[in-house]
**Q** 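Got a structure for you, written out below as C-alpha cells; questions coming shortly.
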Protein chains: 2
Amino acid sequence: MTSGATPKPRTRIQARNSETILEAALEVFSTYGFRGATLDQIAEVAGLSKPNLLYYFPSKEAMHQALLTRLLSTWLDPLRDVKASGDPVTEILGYVRRKVELSRDYPRESRLFANEILQGAPRMREAIEGELKTLVDEKSALLQSWMDQGSIARMPPAHLIFSIWALTQHYADFDAQVRAMLGPDHDPFTEAGDYLDTLFRKLLAP
Amino acid sequence: MTSGATPKPRTRIQARNSETILEAALEVFSTYGFRGATLDQIAEVAGLSKPNLLYYFPSKEAMHQALLTRLLSTWLDPLRDVKASGDPVTEILGYVRRKVELSRDYPRESRLFANEILQGAPRMREAIEGELKTLVDEKSALLQSWMDQGSIARMPPAHLIFSIWALTQHYADFDAQVRAMLGPDHDPFTEAGDYLDTLFRKLLAP
DNA sequence: GTCTATAATGAGATAGAC
DNA sequence: GTCTATCTCATTATAGAC
C-alpha cells in the first residue's frame with residue numbers, strides 16, 4: 001500500500017523532516033511569494049539538500065499547498081469561536097484580540113495568506129468561495145441579529161468583519177512599514193491590542 | 001550628450017512606448033510581485049518584443065524602480081493635503097475619502113506597494129524611512145495637537161494613520177477576497193466609502 | 001533516507017540584421 | 001527602433017550511487 005496524499009508522516013523521522021521543511025517553506029514563501037521563492041532558499045533554511053526536499057514533497061507546488069491547507073483552519077478558528085450565546089460586544093472584542101494575537105504570533109502565516117489574495121487567490125479560490133464565504137455569511141447573519149436587537153450599532157456586517165481583518169492583519173503584513181514609522185522603542189502589537197480594543201468599543205456602541 | 005536616467009522620453013514615440021511598457025509592467029508586477037513577474041509576460045501585455053522592452057529600460061529592475069518612484073508621490077499627496085488650517089474632522093474624513101478613491105481608481109498601484117512592503121520593503125526602505133517617516137511624524141504632531149485642543153478623541157496618532165491605510169487599502173489589496181464575500185451584486189468601493197466615513201466619524205468624536 | 005551529478009526548462013539580457 | 005536568434009545563468013526536477 002502506497003502512501004496517500006502529499007505529506008507522508010509514516011515514521012518519526014519523516015514527520016520531523018516534513019515539519020522542518022514546511023517551517024522553512026513558510027519562512028521563504030511568506031516573504032517572496034510562490035514564484036519568488038526558490039527551492040535553494042528553502043533547502044538552505046531547512047538545512048537539507050534540495051533533492052531531499054523533493055523526497056518529502058513531490059513538488060514546490062505541493063509544499064505551498066500543504067502550507068495553505070494547514071493555514072486555513074488556524075485562520076478561521078477565531079471567527080468560528082464567535083458565539084451567538086455570548087455578550088455581543090465581548091464576543092467581537094474577543095475576536096479582535098485573538099486576531100491581534102495571531103498577527104503577533106504567526107506573522108508569516110498572515111503574509112503567506114496576504115500574498116495569495118494579492119495575486120487573486122489562484123491557489124485558494126475554492127476555499128475562499130466555499131468554506132470562508134459560508135462562515136462569513138453565517139457570522140454576518142449573527143452580527144445582523146445583534147444589530148436588529150440593538151446590542152451593537154447598525155452597520156454592514158460584512159464590512160465590520162473586513163475592518164477586523166484589515167486592522168489586525170495590517171500589523172503583520174505591513175510590519176516593515178509599521179516599525180519604520182514607530183521607531184525602535186515601540187511594541188507595535190501591544191499598542192495595536194489596546195488601540196483596536198478602544199476603536200471597536202466606540203464603533204460598536206449603539 | 002547621452003540621455004540621463006532610466007526612462008528616456010526624448011521623442012514622442014519614445015515617451016509613448018515608455019508609457020506603454022510601464023503600464024504593462026504595473027499590471028504584471030502588481031499581480032505577481034517582482035520576482036514572480038517575467039519580461040515575457042510584460043512584453044505580451046505591452047504588445048512589444050522582449051528586446052524592445054530592454055531598449056527602453058536597461059533591466060527588469062529598472063522598470064520596477066521607475067514604477068515605485070512614480071508611485072510614491074501619488075501615494076503621499078493625499079496625506080500632504082491634510083492641513084492644519086482646516087477643520088480637524090473634515091480634514092481627516094477628506095483624507096479617508098481620497099484614500100478610498102485611490103484604492104478604487106489605482107488598485108494596481110496599491111498592490112504593487114503592498115507586495116513591496118510585504119517583502120520587507122527591500123527596494124523602498126530608503127523612501128519609507130526617509131520621506132514617508134518625515135511626513136508621518138509631521139502629521140502625527142498635527143493630529144496630536146488636535147487631540148490636545150479637544151477637537152478629536154485622544155488616541156495614538158500613528159495608529160490612527162495606520163487605521164486609515166489599513167482600512168482603505170484593504171479594499172484594493174484584498175479585492176479578490178472582498179468580492180468573493182460580498183457576491184456580484186455589491187460595489188465594494190461605494191459601500192466602503194460610506195462605511196468608513198461613518199466609522200471614522202464615530203472614532204474621532206471626542 | 002540522503003547525497004552528488006545532471007537533465008530540462010525558464011528567464012534576463014545581448015548580438016546583429018533589417 | 002524593432003525584430004529574430006542566441007547566450008548564459010538560475011531553477012525545478014530526476015537519476016542513480018551510497
Side-chain angles (χ1 to χ4, degrees), chain A residues 1-4 6-29 31-67 115 119 122-123, chain B residues 2-68 115 119 122-123:
Chain A
M1 171 187 165
T2 56
S3 78
T6 297
K8 29 180 163 178
R10 263 226 272 198
T11 73
R12 235 160 279 135
I13 189 167
Q14 281 174 336
R16 199 174 60 81
N17 275 346
S18 288
E19 204 41 53
T20 303
I21 291 169
L22 284 182
E23 159 66 24
L26 173 60
E27 184 72 27
V28 178
F29 280 134
T31 304
Y32 298 102
F34 178 72
R35 299 220 21 206
T38 72
L39 291 181
D40 273 315
Q41 287 178 289
I42 297 172
E44 164 94 25
V45 173
L48 296 168
S49 71
K50 202 163 35 162
N52 209 1
L53 261 57
L54 293 165
Y55 172 77
Y56 287 96
F57 293 89
S59 67
K60 180 184 176 181
E61 182 80 34
M63 284 177 217
H64 193 252
Q65 197 57 54
L67 285 172
N115 254 310
Q119 301 185 11
R123 298 160 224 274
Chain B
T2 57
S3 78
T6 297
K8 29 180 163 178
R10 260 222 275 193
T11 73
R12 234 159 278 135
I13 190 167
Q14 282 173 334
R16 200 173 60 81
N17 275 347
S18 289
E19 204 42 53
T20 303
I21 292 169
L22 284 182
E23 159 66 24
L26 174 60
E27 183 72 27
V28 179
F29 281 134
S30 67
T31 304
Y32 298 101
F34 179 72
R35 298 220 21 205
T38 71
L39 291 181
D40 273 314
Q41 287 178 289
I42 297 172
E44 165 95 26
V45 173
L48 296 168
S49 71
K50 198 163 40 161
N52 208 1
L53 261 56
L54 294 164
Y55 172 78
Y56 286 97
F57 294 89
S59 67
K60 179 185 178 181
E61 182 79 35
M63 284 177 216
H64 193 252
Q65 197 57 55
L67 285 172
L68 287 184
N115 255 310
Q119 301 185 10
R123 299 160 224 275

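So that the names make sense, note that chain A is the first sequence line, chain B the second, and so on, each numbered from 1. Any value given below was found using the heavy atoms of this structure, including those in side chains, with hydrogens, waters and symmetry copies removed. This one's a predicted model, so the numbers in the text were calculated from it and none came from an experiment.
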**Q** Nearest whole Å is fine: how far is dA13(D) C1' from E61(A) CD?
**A**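 About 14 Å, once rounded to whole Å.
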**Q** Does T31(B) have any side-chain contact (heavy atoms from CB on, under 4.5 Å) partners at least two apart in sequence or in another chain, and if so, which?
**A**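 Listed in chain order: nothing, the list is empty.
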**Q** Atom CG of L54(A) and atom C1' of dT11(D): how far apart are they, to the nearest Å?
**A**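 L54(A) atom CG is separated from dT11(D) atom C1' by 11 Å.
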**Q** Which residues in residues 34-46 of chain B have a heavy atom closer than 4.0 Å to any atom of DNA chain C?
**A**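 Per residue number, the list reads A37(B), T38(B), L39(B).
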**Q** Which residue lies toward the 5' end of DNA chain C, P51(B) or S49(A), if each is placed at its nearest nucleotide?
**A**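 Comparing both residues, the 5'-ward one is S49(A).
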**Q** Output the rounded distance in Å from CZ (F57(B)) to C1' (dT14(C)).
**A**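 It is 19 Å, rounded to the nearest whole Å.
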**Q** Rounded to whole angstroms, how far apart are CD1 on I21(B) and C1' on dG1(D)?
**A**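 I21(B) atom CD1 is separated from dG1(D) atom C1' by 11 Å.
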**Q** Side chains of E27(B) and Q41(B): does their closest heavy-atom pair fall under 4.5 Å?
**A**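 A side-chain contact under 4.5 Å is absent here.
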**Q** Compare the minimum distances between each of dT12(D), dC3(D), dG1(C) and the side chain of Q14(A), then state the nucleotide with the smallest one.
**A**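 Among the listed nucleotides, the one closest to the side chain of Q14(A) is dG1(C).
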**Q** Using a 4.5 Å cut-off on heavy atoms from C-beta on, say whether the side chain of M63(A) contacts that of Y56(A).
**A**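 No; the side chains remain at least 4.5 Å from each other.
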**Q** For the side chain of I13(B), starting at C-beta, report the closest nucleotide among dG1(D), dA13(C), dT12(D).
**A**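 Closest nucleotide to the I13(B) side chain: dG1(D).
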**Q** Rounded to the Å, how far apart are N17(B) CG and dG1(D) P?
**A**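 Rounding to the nearest Å, CG of N17(B) and P of dG1(D) are 9 Å apart.
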**Q** Report the nucleotide, chosen from dT2(D), dA13(C), dG1(C), that has the shortest atom-to-atom distance to any side-chain atom of Y56(B).
**A**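 Nucleotide nearest to Y56(B)'s side chain: dT2(D).
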**Q** dT11(D) P sits how many Å from K60(A) NZ, rounded?
**A**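 So the NZ-P distance, K60(A) to dT11(D), works out to 9 Å.
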**Q** Of all heavy-atom pairs between Y32(A) and A37(A), which one has the smallest distance, and what is that distance?
**A**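 Nearest pair, atom of Y32(A) first, then A37(A): CB-N, 3.8 Å.
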**Q** With a 4.0 Å limit, can you tell me whether T11(B) has a side-chain N or O closer than that to the phosphate oxygens OP1/OP2 of dG1(D)?
**A**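 Yes.
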**Q** Taking the inter-plane angle between the rings of H64(B) and F29(B) on a 0 to 90° scale, is it parallel (under 30°), tilted (30 to 60°) or perpendicular (over 60°)?
**A**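 H64(B) and F29(B): perpendicular rings.
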**Q** With a 4.5 Å heavy-atom cut-off, do Q65(B) and R123(B) have their side chains touching?
**A**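 Contact flag for Q65(B)/R123(B) side chains = yes.
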**Q** If I take atom CG in residue L53(B) and atom P in nucleotide dG1(D), what distance separates them, rounded to the nearest angstrom?
**A**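 From L53(B) CG to dG1(D) P: 16 Å.
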**Q** Would you indicate whether the side-chain heavy atoms of Q14(A) and T11(A) approach each other to under 4.5 Å?
**A**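 SC-SC contact between T11(A) and Q14(A) confirmed.
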**Q** What is the distance from CG of N52(A) to C1' of dT12(D), rounded to the nearest Å?
**A**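 Those two atoms, CG and C1', are 16 Å apart.
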